[in-house]
Amino acid sequence: MSLDLSTRLSASQIAGGTIVVSLLVLALKLGAWALTDSVALFSDAMESLVNVSAAVLAWFAIRYAERPADDGHPFGHHKAEYFSAVIEGIMIILAAALIVHQAISALTSGAMANLTPVALVVNAAALAINLLWAQILLRSGLRLKSPAFEAGGRHLMSDVWTSAGVMGGLILVLVTGWTVLDPILALLVAVNILREGLHVVSDSVDGLMDKAASDEEQDKIRTVILGSGDGALQIHDIKTRRAGKAIFVEFHMVVDGAMTVAQSHDICDRLEHEIEATLPGVHVTIHVEPDHKLEDSGLEPTPPAPR
């Protein structure tokens, strides 16, 4: 696998690949746990089990989100990915609770793990695969503006750091013989997983509540308006919202009251074209107003310099 895959694969292909990778990593981690009966390795495997479930959910959500707009959903199905990410976050939190239960049981019962170098090598292979695929997901999430991929990538990176911490701790157990570190490591893993789960849920709920486009995207929109709005007297009440990979933009455009409908329409067409060229996938709605609607604050487009 190569990071170049993030630029060559479609959303559906990446989602399908995530399922395959998650199943492979889960099998490796379950094998490492079966060889040792380590609670820390069990916690690592449980996080990968969540990855498998989340990958399947994301695959369905992304396919649904790519459906074109219809009569029942005139603005499209872009928000389906947020539901997938919310469910993933809840599953992460439940996994953390299960790990805490297992770790406390091990501490109270005095159960000891039977660690072997082979098991750690198996777990290290799973870590390396997760690291590579996490980078592919994060890059794909940025390229495709996909909340599901970004959530999955962040979760996999959390899994990578978790696995690295578990590996380091278990190597210490092998060297020192301090077997009590095993359930303690599992508790630390649970705390990290819980933090990541809450973060995924928070971000996804924010998206469901029509969060505005990023500051960078809003700056690009204002720049286009100032440079391509020649003929308009003022632009005000600019509003944006993000729905998955789509951005919706609306604003009021004030023009000379004597301007014809055709002339104002030409300005609207020019602005829509330039904004869409700057931010592919954006949907623009412009409300035209006469000059008595001028406000104290607003953007005043710059007319082109005379030649």
Side-chain angles (χ1 to χ4, degrees), residues 1-33 40-66 80-93 95-96 99 119-168 189 192-193 195-197 199-201 203-204 244-245:
M1 291 182 292
S2 166
L3 292 181
D4 288 344
L5 287 176
S6 63
T7 60
R8 290 191 280 111
L9 296 179
S10 68
S12 294
Q13 288 173 325
I14 294 171
T18 301
I19 296 175
V20 175
V21 170
S22 298
L23 286 170
L24 174 59
V25 169
L26 175 61
L28 289 171
K29 290 187 176 183
L30 285 176
W33 169 56
L41 289 178
F42 168 80
S43 68
D44 211 7
M46 284 302 97
E47 188 168 12
S48 288
L49 180 60
V50 172
N51 291 346
V52 172
S53 303
V56 174
L57 283 170
W59 184 79
F60 282 108
I62 288 167
R63 288 174 66 87
Y64 190 82
E66 289 179 340
E81 291 188 46
Y82 290 120
F83 288 101
S84 166
V86 167
I87 296 172
E88 177 179 351
I90 293 172
M91 292 173 65
I92 294 171
I93 294 170
I99 293 167
L120 295 184
V121 170
V122 171
N123 216 57
L127 183 155
I129 295 171
N130 258 351
L131 176 60
L132 181 57
W133 196 257
Q135 295 303 310
I136 290 174
L137 281 179
L138 288 172
R139 293 188 181 201
S140 300
L142 289 173
R143 177 174 64 90
L144 300 171
K145 304 297 183 185
S146 168
F149 285 161
E150 290 183 21
R154 285 200 307 268
H155 184 202
L156 278 189
M157 279 308 301
S158 173
D159 194 5
V160 167
W161 289 113
T162 295
S163 297
V166 167
M167 291 282 294
V189 170
N192 182 57
I193 293 174
R195 178 191 61 80
E196 180 64 20
H199 184 64
V200 169
V201 170
D203 281 359
S204 303
K245 65 182 69 175

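Since this is a predicted model, take the numbers as computed values, not measurements.
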Once side-chain hydrogen bond (donor to acceptor under 3.5 Å, both in side chains) is applied, do any residues pair with T18, and if so which ones, sequence neighbours excluded?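 Listed in chain order: W133.
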Between [atom1] on residue [X] and [atom2] on residue [Y], distance to nearest 0.5 Å:
| X | Y | atom1 | atom2 | answer |
| --- | --- | --- | --- | --- |
| L30 | F42 | CG | CZ | 9.5 Å |
| N123 | K29 | CG | NZ | 6.0 Å |
| L26 | M46 | CG | CE | 7.0 Å |

Between [X] and [Y], which heavy-atom pair has the shortest distance, and what is it?
| X | Y | value |
| --- | --- | --- |
| A32 | L41 | O-CD1, 3.7 Å |
| M167 | L120 | CE-O, 3.2 Å |
| L156 | A134 | CB-CB, 3.5 Å |
| L127 | A164 | CD1-N, 3.4 Å |

What residue among V52, I19, N130, I129 forms side-chain contact (heavy atoms from CB on, under 4.5 Å) with L24?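 The side-chain contact (heavy atoms from CB on, under 4.5 Å) with L24 is passed solely by I129 among V52, I19, N130, I129.
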